[in-house]
Amino acid sequence: QKGLCKICGQPGTGRWKKLCLDHCHTTGKIRDLLCPKCNLVLGQVNDDVAYLYKLADYLKSHSG
């Protein structure tokens with residue numbers, strides 16, 4: 001991945017320079033390297049794709 005997050009394509013920055021080794025909490029399977037921000041978001045929504053779609057819909061409904 002050349003030191004870049006698999007989701008946003010950015011390197012870790014500031015005090016969060018190291019990328020996180022992402023894994024599925026259900027199976028334990030290793031997925032990819034993520035920046036701390038993307039890793040945190042996935043953790044906060046418990047890897048729930050439906051919830052992520054609801055978040056995206058909410059943002060779309062309030063975009064100019």
Side-chain angles (χ1 to χ4, degrees):
Q1 291 181 203
K2 301 183 183 188
L4 302 176
C5 173
K6 189 69 170 186
I7 294 174
C8 71
Q10 299 297 311
T13 58
R15 69 178 209 206
W16 304 105
K17 288 183 180 178
K18 292 185 178 182
L19 295 177
C20 304
L21 184 60
D22 183 47
H23 68 284
C24 174
H25 289 201
T26 303
T27 66
K29 182 180 175 185
I30 300 298
R31 295 190 283 213
D32 287 297
L33 294 173
L34 302 179
C35 71
K37 182 178 179 179
C38 289
N39 191 52
L40 181 65
V41 169
L42 290 181
Q44 290 296 309
V45 300
N46 296 315
D47 296 343
D48 185 338
V49 174
Y51 194 88
L52 288 169
Y53 281 123
K54 288 178 184 181
L55 289 170
D57 289 342
Y58 173 80
L59 288 175
K60 287 179 195 175
S61 74
H62 291 284
S63 64

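What you see is a predicted model, and the numbers here were worked out from it, not measured in a lab.
Applying the side chain to side chain donor-acceptor pair (under 3.5 Å) rule to pairs touching residues 53-64 yields nothing, sequence neighbours excluded. Legend: side chain to side chain donor-acceptor pair (under 3.5 Å) pairs involving residues 35-51, not counting sequence neighbours, sorted by first then second residue: R31-D47.
Annotation: the span from C38 atom SG to L19 atom CG amounts to 10.0 Å, rounded to 0.5 Å.
The two residues C35 and C5 come nearest to each other via the heavy atoms N-SG, 3.3 Å. Closest of all the heavy-atom pairs between Q1 and K6 is NE2-N, 3.6 Å.
Contacts of I30 classified as side chain to side chain contact (heavy atoms under 4.5 Å, CB included), with partners at least two apart in sequence or in another chain: L21, H23.
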Walk me through it: do I7 and L42 pass the test side chain to side chain contact (heavy atoms under 4.5 Å, CB included)? CA-CA 11 Å; I7 294 174; L42 290 181; 4.0 Å; yes
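Side-chain contact between L34 and L40 is absent, with no heavy-atom pair separated by less than 4.5 Å.
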